[in-house]
A.B. asks: 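Pasting in a structure now, in structure tokens, and then I'll have a few things to ask.
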Amino acid sequence: MFILLLASGLTVSPILASSLHGVIAAFIGFRWGLAPWWLPINLLFMPAVLLTLSFDIAPLWFLSAFILFLLAYWSVFRSQVPLYHSSRKAWAAVAELLPRKPGVRLLDVGAGLGGMLGYLSRKRPDGTFYGMEIAPLPFVFAWLRRKVVRGGYQIRWGDFWAHSFVAYDVIYAYLSPVPMARIWVKACMEMAPGTRFISNSFPILEAVPEKIIDLDDFHHSRLYIYRIPARQPAGEAS
Ligand SMILES: C[S@@+](CC[C@H](N)C(=O)[O-])C[C@H]1O[C@@H](n2cnc3c(N)ncnc32)[C@H](O)[C@@H]1O
């Protein structure tokens, strides 16, 4: 945009140029089908850059903020699963849903700061609670929390897509709408029939939940509880 204006020889005030830039970006975003919440971002991004530059802030602050966000959100551009936390009411509801059998095994896919794992391991000291977290900062936090409070859970840094679900009685997921269909296929292929898959807030459109629990928490979240179905014998039509 700025290059075009420069090439045209026109002198335009920076605020007008940046606003024009925003309008064009929002128009292109709209035409290409971006979600509506992108439009104000498209519109205001360049004017906001201009405004921020006028404060003469040292570049190191921007670099530090970038690194902090990178460590906290890591591959969110690919996974489309950002960091946010289950409520205490969700922790308590999941504790109630754990099978009574001794030695129950639960995996929190994308464990965040490890809050749920710590809670469950206190409630069910006979159980084994695992978490996988891909973003470095939440992982380090969950790992340190485990050391400090001697939490009875295990946390690994890594991608849950590469981790087998075979050994778990319960999988807990608080992700986003994007990976739900894929994770359900993985759960059905790897988990034993009759085991449970619990999704906080994001239903699996391809499956019917056995139960839905409305949590009276801040976000009015819902738990969707699914049973892993029996596998069909090879060759039988679905
Ligand atoms: C919405 S948070 C949920 C945190 C926690 N389970 C809770 O309920 O409070 C989702 C987390 O999943 C992590 N995540 C996303 N994709 C992942 C992947 N493929 N492997 C491991 N962690 C992942 C994100 O980094 C984020 O911290």
Side-chain angles (χ1 to χ4, degrees), residues 79 81-135 138-139 141-143 145-146 149-156 158 160-161 163-188 190-229:
S79 69
V81 180
L83 173 65
Y84 33 75
H85 312 288
S86 299
S87 63
R88 284 182 169 270
K89 287 190 175 166
W91 300 357
V94 172
E96 286 302 312
L97 289 165
L98 290 177
R100 299 282 159 226
K101 73 170 200 181
V104 62
R105 293 166 69 90
L106 173 141
L107 173 69
D108 184 352
V109 285
L113 306 181
M116 167 168 279
L117 295 172
Y119 177 88
L120 294 178
S121 64
R122 285 191 299 279
K123 281 275 167 193
R124 285 289 299 270
D126 64 299
T128 315
F129 300 96
Y130 295 90
M132 292 212 62
E133 176 51 56
I134 204 164
F139 163 75
F141 189 98
W143 184 82
R145 174 187 234 163
R146 176 177 160 262
V149 301
R150 296 209 176 86
Y153 62 87
Q154 296 176 36
I155 178 95
R156 277 181 56 190
F160 65 71
W161 294 112
H163 182 75
S164 169
F165 290 178
V166 89
Y168 300 101
D169 302 301
V170 181
I171 300 267
Y172 176 75
Y174 188 21
L175 300 170
S176 84
V178 178
M180 297 319 293
R182 184 177 166 205
I183 203 169
W184 178 241
V185 171
K186 178 170 168 64
C188 290
E190 295 176 358
M191 294 177 75
T195 53
R196 276 187 175 151
F197 185 95
I198 304 174
S199 174
N200 189 339
S201 300
F202 306 108
I204 296 160
L205 302 179
E206 296 72 13
V208 179
E210 152 184 85
K211 200 168 168 184
I212 296 176
I213 299 178
D214 284 307
L215 301 169
D216 184 23
D217 60 8
F218 184 71
H219 301 288
H220 299 290
S221 15
R222 275 183 157 177
L223 292 184
Y224 297 88
I225 298 112
Y226 300 89
R227 282 267 180 205
I228 301 299

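Numbering starts at 1 and runs along the sequence shown.
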A.B. asks: Are the side chain of R227 and the backbone of G194 linked by a donor-acceptor contact shorter than 3.5 Å?
C.D. replies: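 A pair under 3.5 Å: yes.
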A.B. asks: Taking D169 for its side chain and T195 for its backbone only, find out whether a donor-acceptor pair lies under 3.5 Å.
C.D. replies: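 Flag not set: sc D169 to bb T195 has no pair under 3.5 Å.
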A.B. asks: Under 3.5 Å, side-chain donor or acceptor atoms of residues 114-124 against the rest of the protein: list the pairs with distances, not counting sequence neighbours.
C.D. replies:
unit_1: S121; atom_1: OG; unit_2: L117; atom_2: O; d: 3.1
unit_1: S121; atom_1: OG; unit_2: G118; atom_2: O; d: 2.9
unit_1: S121; atom_1: OG; unit_2: G152; atom_2: N; d: 3.4
unit_1: R122; atom_1: NH1; unit_2: G118; atom_2: O; d: 3.2
unit_1: R124; atom_1: NE; unit_2: D126; atom_2: OD1; d: 2.9
unit_1: R124; atom_1: NH1; unit_2: P99; atom_2: O; d: 3.0
unit_1: R124; atom_1: NH2; unit_2: P99; atom_2: O; d: 3.2
unit_1: R124; atom_1: NH2; unit_2: K101; atom_2: O; d: 3.0
unit_1: R124; atom_1: NH2; unit_2: D126; atom_2: OD2; d: 3.2

A.B. asks: Going through the checks in order, is the side chain to side chain contact (heavy atoms under 4.5 Å, CB included) test met by W184 and I228?
C.D. replies: CA-CA 9 Å; W184 178 241; I228 301 299; 3.7 Å; yes
A.B. asks: Sort out for me which residue in T128, V94, I171 forms a side chain to side chain contact (heavy atoms under 4.5 Å, CB included) with L106.
C.D. replies: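 The side chain to side chain contact (heavy atoms under 4.5 Å, CB included) with L106 is passed solely by V94 among T128, V94, I171.
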A.B. asks: How long is the span from the OH atom in Y84 to the OG atom in S221, to the nearest 0.5 Å?
C.D. replies: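 Those atoms lie 11.0 Å apart.
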A.B. asks: Give me the atom names and distance for the closest heavy-atom approach of E133 to G112.
C.D. replies: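 Minimum heavy-atom contact is OE1-N, 2.8 Å.
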A.B. asks: With side chain to side chain donor-acceptor pair (under 3.5 Å) as the rule and sequence neighbours excluded, what pairs involving residues 89-100 come up?
C.D. replies: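 Counting only pairs at least two positions apart or across chains, no side chain to side chain donor-acceptor pair (under 3.5 Å) contact touches residues 89-100.
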A.B. asks: Look only at the side chain of Y224 and the backbone of I213, and say whether a donor-acceptor pair between them is shorter than 3.5 Å.
C.D. replies: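 No, Y224 side chain to I213 backbone: no donor-acceptor pair under 3.5 Å.
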A.B. asks: Walk me through it: do F197 and K186 pass the test side chain to side chain contact (heavy atoms under 4.5 Å, CB included)?
C.D. replies: CA-CA 11 Å; F197 185 95; K186 178 170 168 64; over 6 Å; no
A.B. asks: Testing the basics here: between A93 and L215, what is the closest heavy-atom pair and its distance to 0.1 Å?
C.D. replies: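 Taking A93 first and L215 second, the nearest heavy atoms are CB-CD2, 3.8 Å.
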A.B. asks: Answer yes or no: does atom CZ of R156 have more than 12 heavy-atom neighbours from other residues, nucleotides or ligands under 6.0 Å?
C.D. replies: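 Counting other residues, nucleotides and ligands, CZ of R156 stays at 12 neighbours or fewer.
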A.B. asks: Determine the minimum heavy-atom distance between L223 and A90, stating which atoms define it.
C.D. replies: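 Shortest heavy-atom contact: CD1-O, 4.4 Å.
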A.B. asks: Under the side chain to side chain contact (heavy atoms under 4.5 Å, CB included) rule, what do S199 and M180 come out as? Steps first, then yes or no, please.
C.D. replies: CA-CA 9 Å; S199 174; M180 297 319 293; 3.3 Å; yes
A.B. asks: Which heavy-atom pair separates C188 from P229 by the least distance, and what is that distance?
C.D. replies: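 Where C188 meets P229 most closely, the heavy atoms are SG-CD, 3.9 Å.
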A.B. asks: CG of L98 to CZ of F129: how many Å apart, nearest 0.5 Å?
C.D. replies: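 These two atoms lie 5.0 Å from each other.
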A.B. asks: Is the Y172 ring parallel, tilted or perpendicular to the Y174 ring (thresholds 30°, 60°)?
C.D. replies: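 Rings of Y172 and Y174: tilted, as their planes differ by 30° to 60°.
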A.B. asks: State yes or no: are the ring centers of Y168 and Y130 separated by less than 6.0 Å?
C.D. replies: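 Yes; Y130 has its ring centre under 6.0 Å from that of Y168.
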A.B. asks: Closest approach of E190 and F165, non-hydrogen atoms and distance?
C.D. replies: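 Heavy-atom minimum between the residues: OE1-N, 2.9 Å.
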A.B. asks: Hey, is the main chain of I212 close enough, under 3.5 Å, to the side chain of R222 for a donor-acceptor pair?
C.D. replies: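 No, R222 side chain to I212 backbone: no donor-acceptor pair under 3.5 Å.
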A.B. asks: Heavy atoms only: give me the nearest A142-I155 pair and the separation to one decimal.
C.D. replies: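 Here A142 and I155 meet closest at CB-CD1, 4.0 Å.
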A.B. asks: Take V170 and L97 through the test side chain to side chain contact (heavy atoms under 4.5 Å, CB included) and record every step on the way to the result.
C.D. replies: CA-CA 9 Å; V170 181; L97 289 165; over 6 Å; no
A.B. asks: Can you check whether I225's main-chain N or O pairs, donor with acceptor, with R196's side chain at less than 3.5 Å?
C.D. replies: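 No, R196 side chain to I225 backbone: no donor-acceptor pair under 3.5 Å.
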